[in-house]
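We count ligands from 1, going down the list as the structure has it; atoms in each ligand are counted the same way. Throughout, numbering of the chain's residues begins at 1 and tracks the sequence.
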Amino acid sequence: MKAALAFHRPSIISRSIFFSSSSSVSLSRSPILKYYPKLNTNNNNLTHQNQILHGSGSGNRSIRIMASSSASVAEQARAPPALPLPTPPVDKFMIALCQITVTPDKERNIAHARSKIQEAAAKGAKLVLLPEIWNSPYSNDCFPVYAEDIDAGGDASPSTAMLSQLSRNLNITIVGGSIPERSGDRIFNTCCVFGTDGNLKAKHRKIHLFDIDIPGKITFMESKTLTAGETPTIVDTEVGRIGIGICYDLRFQELAMIYAARGAHLLCYPGAFNMTTGPLHWELLQRARAVDNQLYVATCSPAREAGAGYVAWGHSTLVGPFGEVLATTEHEEAIILAEIDYSLLELRRTSLPLLKQRRGDLYQLVDVKRLNS
Ligand SMILES: NC(=O)CC(=O)C(=O)O
């Protein structure tokens, strides 16, 4: 494989793979996996042009990737092997993190988010990130009341209708924080990504629900009202390939590693950490995700409301691929504008070639969805 640290120019890469399972499917003879990465964002799954995947099927399989003559030990560390980093559609652009106040008045929240997105775009932002649960107070009592049917759209989802309209009118990409989503009798914590044409490019439902009990400090059980999403979400946008997580998803490094292996340039996490875990973990986790995976990480929190039932930590932040904090803020309402320079990805990965140095003979990350697609 041409080093994954180089930006990908279309080329066909061959790899031999063995699957070992209870049925012991051996793919040693004819199987050539040809990787030519292309994102299919319709179902949020990654697919490959020209991929011939033998022995696919569901169920638990232990996977062993045998080194072909050209495969290095490092490439075995991820199954399937990491995709080369795609050439980003832009080298540099401005991102805006809109740390906004959230009130019990949903109409006001939508109007307020609208004006802050407009302000960010007027200041040059090409990508705008909103906070977790920005149209509703963050509480199990409120989620069912404020939930919208995103798939029905229009009047059934005034929050996402506004995001779609603005992304088209302002010619920007919006990673729309999250809102409670109603789907049948279930409620999800969902982030919608809109492209510059106003189309919904991806929908991420929070995969890891925030169930926490620190006696005397904080107890919150999202699972009382919410259902967990089932799919990692990575999407090609006009400002690069973006992996999406929501708040608690930030704690699970495997998700970020899967996004990195799928060629993400940037990870976006709308989040609402709290006054107990925020000071301890919020920045630490973002910097860890960024430095481990050598990519950009952006987070966006609601502004802090001292009297709210759930008090958000704030501190929306952009971290660079060296784990460096590039821009951040305190807890008040703010628009954080910062430049993302994708040339740094290649620079950092060349200086510190972690991708080449992994020990696939000792450990392995398995991207279950990609392997089974
Ligand atoms: N609110 C969350 O989902 C996560 C959080 O506050 C934490 O992990 O701490």
Any side-chain to backbone donor/acceptor pair from Glu148 onto Ser159? Under 3.5 Å, distance only.
yes
Answer yes or no: is there an ion pair linking Glu119 with Lys116, defined by an N-O contact shorter than 4.0 Å?
yes
Below 4.0 Å from any atom of ligand 1, is there a heavy atom belonging to Arg251?
yes
Applying a heavy-atom cut-off of 4.0 Å, say which part of Phe210 lies close to ligand 1: side chain, backbone, both or neither.
side chain
Considering only heavy atoms of Lys206, which atoms of ligand 1 have at least one such atom less than 4.0 Å away?
2 (C), 3 (O)
Tell me the contacting part of Phe220 for ligand 1: side chain, backbone, both, or neither, using a 4.0 Å heavy-atom threshold, strictly below.
neither
Consider only side-chain heavy atoms of I, L, V, M, F, W and Y, link residues closer than 4.5 Å, and tell whether Tyr138 and Phe273 are in one cluster.
no
Out of Ile244, Leu97, Val193, Leu130, which residue meets the side-chain contact (heavy atoms from CB on, under 4.5 Å) rule with Cys268?
Ile244
Heavy atom of the protein closest to atom 2 (C) of ligand 1 (residue, atom name, distance):
Cys247 SG, 2.8 Å
Going by the atom numbers of ligand 1, which of them fall below 4.0 Å from some non-hydrogen atom of Tyr310?
1 (N), 6 (O)
Checking contacts here: is it the side chain or the backbone of Trp282 that comes within 4.0 Å of ligand 1, counting heavy atoms only? Could be both or neither.
neither
Start with the C-alpha distance between Arg370 and Asp367, add both sets of side-chain angles, then the distance that settles salt bridge (charged side-chain N to carboxylate O under 4.0 Å, His left out), and finish with yes or no.
CA-CA 6 Å; Arg370 188 151 73 95; Asp367 183 341; 3.6 Å; yes
The atoms of ligand 1 lying under 4.0 Å from a heavy atom of Ala272, numbered in the order shown, are 1 (N), 6 (O)
Between Gln99 and His315, is there a donor-acceptor pair closer than 3.5 Å when you use the side chain of the first and the backbone of the second?
yes
Any ion pair linking Asp149 and Arg182 (charged N to carboxylate O, less than 4.0 Å)?
no
Any nitrogen or oxygen of Ile212, main chain or side chain, under 3.5 Å from a nitrogen or oxygen of ligand 1?
no
Below 4.0 Å from any atom of ligand 1, is there a heavy atom belonging to Tyr269?
no
Quick check on side chain to side chain donor-acceptor pair (under 3.5 Å): which of His204, Lys203, Lys201 does Thr233 satisfy it with?
His204
Please determine whether a side-chain nitrogen of the Lys or Arg among Arg287 and Glu324 lies less than 4.0 Å from a carboxylate oxygen of the Asp or Glu.
no
Heteroatom proximity flag, Asn274 to ligand 1, N/O under 3.5 Å:
yes
Thr277 heavy atoms, cut-off 4.0 Å: which ligand 1 atoms fall inside?
6 (O), 7 (C), 9 (O)
Look at ligand 1 and say whether Tyr138 reaches it with a heavy atom at a distance under 4.0 Å.
yes
